[in-house]
Chemist: 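Pasting a structure here, questions to come.
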Amino acid sequence: MKKFIVRFLVWLSIPFVLAYGVDYMISSGLRKTDLRKYAVWNDIYRGGMHPDLMVIGNSQAWNGYDPHIMDSILGIDSYTLAIVGHFLDYQIIQYNTYRSFNPKPKVVALNVSFIGTLGITADKQYEREQFFPYIHDESLISLVKEDKEISVFDRYLPLCRYFGYRDEMEEGIQAFFGKRDFFDGGMYKGYRGDVSPFERGKILPKKEMITTSYTKEAADMLETFAARLCDDGITVVFVKYPVYYPLRDRFTNIAESDSIFDDIAYRHDIPVLDFSCSPVSKDSTKYFNPSHLGKKGAELFTTAFCHQLDFLGILRGKQ
């Protein structure tokens with residue numbers, strides 16, 4: 001009987017051992033890729049980053065601030081720390097994870113916009129898979145597990161969290177065995193220019209006006225975060241992102257959200273660089289949708305942004 005039990009347990013353990021091995025291959029492979037959902041996290045966990053200038057934001061930052069240009073014009077090391085589809089709450093979580101593995105940047109440019117800044121991330125399930133390869137980082141997972149519905153089984157049962165994510169499983173295994181080129185790869189320091197043609201989207205064609213929503217919680221969160229960065233000896237800059245100007249005309253209360261940014265900046269002596277009505281905002285060919293710059297627009301905007309920083313002397317003596 002004892003021999004039977006031992007053999008049964010041995011046979012029972014085989015699927016778990018195989019599952020752990022496949023889980024390791026998938027997660028390890030994803031941690032090597034430059035796929036958009038994982039590239040920034042991978043850079044963070046590798047450590048060794050020492051940016052003079054860090055841009056923090058959501059997809060507007062990811063598509064809008066080109067580190068090639070920032071490094072070239074300003075003679076610095078820059079990085080675009082962006083988390084697509086998430087508001088300020090998750091941007092702060094990502095920055096906190098960055099600081100666990102890397103030294104503080106010298107200058108932080110916070111991308112502020114009436115779209116996506118003064119809110120709390122609403123779509124909790126959006127791209128929850130981006131956290132899967134880092135499931136053993138308790139400090140990160142403890143902050144996102146409730147929102148992203150990451151269960152005990154996801155955390156401790158091998159492969160469980162990858163069920164239903166076939167692309168991640170395939171890409172992770174392919175990357176584990178050496179594949180490096182993927183369809184949405186090509187990230188560079190958190191940035192990738194988009195060359196898609198302009199699409200008007202859902203909001204622009206509408207006739208009725210729209211009121212952008214924001215919460216006091218998010219406004220307080222922004223002020224607390226900005227104050228914390230300043231107290232940490234980091235120079236902070238607010239940058240108002242240039243959305244396509246007809247989109248601005250669809251909203252009734254942009255002035256209210258702008259006043260929140262301006263008031264916080266005033267209280268903490270933070271410069272505000274306002275590109276919301278810059279020339280690039282008038283040309284649809286510089287966008288791939290009304291709220292996101294395309295590659296050509298990003299190059300023009302980043303160049304103007306760098307010249308403003310240089311004019312203000314914000315990075316002088318910080319390289």
Side-chain angles (χ1 to χ4, degrees), residues 36 53 55-74 78-85 87 109-119 184 186-212 214 237-259 261-262 265 271-312 314:
R36 192 265 301 165
L53 169 64
V55 177
I56 295 178
N58 55 12
S59 54
Q60 290 180 335
W62 165 54
N63 287 124
Y65 298 79
D66 186 343
H68 297 93
I69 295 174
M70 292 189 285
D71 292 355
S72 176
I73 292 179
L74 297 170
S78 65
Y79 194 90
T80 300
L81 194 73
I83 180 165
V84 175
F87 288 6
L110 283 173
N111 184 80
V112 294
S113 170
F114 66 95
I115 300 174
T117 298
L118 294 177
D184 80 338
M187 294 275 285
Y188 176 74
K189 290 187 173 183
Y191 164 82
R192 191 185 68 206
D194 197 302
V195 296
S196 304
F198 179 74
E199 291 190 8
R200 292 171 61 82
K202 297 179 180 179
I203 297 177
L204 204 58
K206 292 183 177 180
K207 294 181 179 180
E208 66 272 17
M209 298 296 287
I210 300 168
T211 299
T212 183
Y214 58 85
V237 182
F238 283 0
V239 186
K240 294 182 181 179
Y241 186 88
V243 302
Y244 184 44
Y245 82 96
L247 179 65
R248 289 180 59 87
D249 293 342
R250 309 297 323 136
F251 289 84
T252 63
N253 62 336
I254 294 177
E256 294 177 36
S257 57
D258 277 352
S259 68
F261 301 140
D262 294 340
V272 179
L273 304 183
D274 189 353
F275 295 94
S276 56
C277 296
S278 63
V280 71
S281 69
K282 308 297 193 297
D283 186 353
S284 65
T285 65
K286 302 302 186 292
Y287 291 80
F288 69 90
N289 68 38
S291 58
H292 293 83
L293 290 163
K295 189 174 187 297
K296 291 181 179 179
E299 291 169 353
L300 292 172
F301 164 62
T302 304
T303 299
F305 165 64
C306 288
H307 288 318
Q308 281 291 314
L309 283 181
D310 190 45
F311 177 78
L312 295 175
I314 290 173

Chemist: How would you list, by chain and number, every residue that makes a side-chain contact (heavy atoms from CB on, under 4.5 Å) with Pro246, sequence neighbours excluded?
Modeler: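 Testing Pro246 for side-chain contact (heavy atoms from CB on, under 4.5 Å), a comparison that skips the adjacent residues, returns Leu204, Tyr244.
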Chemist: Hey, are the side chains of Gln60 and Val239 touching, using non-hydrogen atoms and a 4.5 Å cut-off?
Modeler: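 No - every pair of side-chain heavy atoms lies 4.5 Å or more apart.
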Chemist: Grab the two heavy atoms, one from Ile314 and one from Val237, that are nearest each other, plus how far apart they are.
Modeler: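 Taking Ile314 first and Val237 second, the nearest heavy atoms are CD1-CG2, 3.6 Å.
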Chemist: Could you check whether any side-chain heavy atom of Phe275 comes within less than 4.5 Å of a side-chain heavy atom of Val280, counting everything from C-beta outward?
Modeler: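 The answer is no, as the side chains (C-beta and beyond) never meet within the 4.5 Å cut-off.
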Chemist: For a quick test of reading the model, state the closest non-hydrogen atom pair linking Tyr191 to Gly64 and the distance between them.
Modeler: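 Smallest interatomic distance, heavy atoms only, reads CE1-N, 4.3 Å.
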Chemist: Applying side chain to side chain donor-acceptor pair (under 3.5 Å), can you list everything that pairs with Asp274, at least two apart in sequence or on another chain?
Modeler: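 With sequence neighbours excluded, Asp274 shows a side chain to side chain donor-acceptor pair (under 3.5 Å) to Ser276, given in chain and number order.
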Chemist: Going by heavy atoms in the side chains, are Met70 and Leu309 under 4.5 Å from each other?
Modeler: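 Met70 vs Leu309: side chains apart.
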Chemist: Rounded to the nearest 0.5 Å, what's the gap from CD1 on Ile83 to CD1 on Ile56? Could you check?
Modeler: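 So the CD1 of Ile83 and the CD1 of Ile56 are separated by 11.5 Å.
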Chemist: Kindly write out the residues that satisfy side-chain contact (heavy atoms from CB on, under 4.5 Å) with Glu199, not counting sequence neighbours, or none if the list is empty.
Modeler: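 Glu199 satisfies side-chain contact (heavy atoms from CB on, under 4.5 Å) with no residue once adjacent residues are dropped.
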Chemist: Can you confirm whether Ser281 sits close enough to Phe301 that some side-chain heavy atom of one is under 4.5 Å from a side-chain heavy atom of the other?
Modeler: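 With C-beta onward as the side chain, the pair stays apart.
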Chemist: Hey, are the side chains of Arg248 and Phe114 touching, using non-hydrogen atoms and a 4.5 Å cut-off?
Modeler: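 Yes, close enough: below the 4.5 Å cut-off.
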Chemist: At what distance, to the nearest 0.5 angstrom, does CG of Asn289 lie from CZ of Phe198?
Modeler: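 The distance works out to 7.5 Å.
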Chemist: Ignoring hydrogens and geometry, is there a side-chain-to-backbone donor-acceptor pair from Thr302 to Ala298 under 3.5 Å?
Modeler: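 Here the side-chain-to-backbone pair exists.
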Chemist: According to side-chain contact (heavy atoms from CB on, under 4.5 Å), who are the partners of Ser196, at least two apart in sequence or on a separate chain?
Modeler: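 side-chain contact (heavy atoms from CB on, under 4.5 Å) check on Ser196 returns Asp194, Phe288.
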Chemist: Out of curiosity, Thr117 OG1 to Phe238 CZ, how far, rounded to the nearest 0.5 Å?
Modeler: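 The distance works out to 9.5 Å.
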Chemist: Just to verify, what does Thr285 make a side chain to side chain donor-acceptor pair (under 3.5 Å) with, not counting sequence neighbours?
Modeler: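 Per chain and number, Thr285 pairs via side chain to side chain donor-acceptor pair (under 3.5 Å) with Asp283.
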Chemist: Residues two or more places apart in sequence or in another chain: which of them pass side-chain contact (heavy atoms from CB on, under 4.5 Å) with Thr303?
Modeler: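 With sequence neighbours excluded, Thr303 shows a side-chain contact (heavy atoms from CB on, under 4.5 Å) to Ile69, Ile73, His307, given in chain and number order.
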Chemist: Measure the CG-CG distance between Leu81 and Leu110 for me, rounded to the nearest 0.5 Å.
Modeler: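 If I round to the nearest 0.5 Å, the distance is 10.5 Å.
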Chemist: Could you check whether any side-chain heavy atom of Pro67 comes within less than 4.5 Å of a side-chain heavy atom of Tyr188, counting everything from C-beta outward?
Modeler: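 In short, these two side chains touch, coming nearer than 4.5 Å.
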Chemist: Restricting to non-hydrogen atoms, name the atom on Thr80 and the atom on Tyr65 that form the minimum distance, rounded to 0.1 Å.
Modeler: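 What the structure gives for the nearest pair is OG1-O, 3.1 Å.
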Chemist: SG/Cys306 to CG/Leu53 distance, rounded to the nearest 0.5 angstrom?
Modeler: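 If I round to the nearest 0.5 Å, the distance is 7.5 Å.
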Chemist: Considering non-hydrogen atoms only, spot the tightest contact between Ser59 and Val84 and give its length.
Modeler: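 Distance-wise, the nearest heavy atoms are CB-CG1, 3.8 Å.
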Chemist: Closest heavy-atom contact between Val272 and Ala265?
Modeler: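 So the two residues come closest at CG2-CB, 3.4 Å.
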Chemist: Are the side chains of Trp62 and Met187 in contact, using a 4.5 Å heavy-atom criterion?
Modeler: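 They are in side-chain contact.
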Chemist: Measure from the side-chain N and O atoms of Asn63 to the backbone N and O of Arg192, and report whether any donor-acceptor pair falls under 3.5 Å.
Modeler: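 Yes, Asn63 side chain to Arg192 backbone: donor-acceptor pair under 3.5 Å.
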Chemist: Check the pair Lys240 / Asp262 against side-chain contact (heavy atoms from CB on, under 4.5 Å), numbers first and verdict last.
Modeler: CA-CA 10 Å; Lys240 294 182 181 179; Asp262 294 340; 3.0 Å; yes
Chemist: What pair of heavy atoms forms the shortest contact from Leu247 to Ile115, and how long is it?
Modeler: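 Residues Leu247 and Ile115, closest heavy atoms: CD2-CD1, 3.8 Å.
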Chemist: Nearest 0.5 Å, please: how far is CG in Leu293 from OH in Tyr241?
Modeler: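 The distance works out to 3.5 Å.
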Chemist: Are any non-hydrogen side-chain atoms of Leu118 and Phe261 less than 4.5 angstrom apart?
Modeler: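 In short, these two side chains touch, coming nearer than 4.5 Å.
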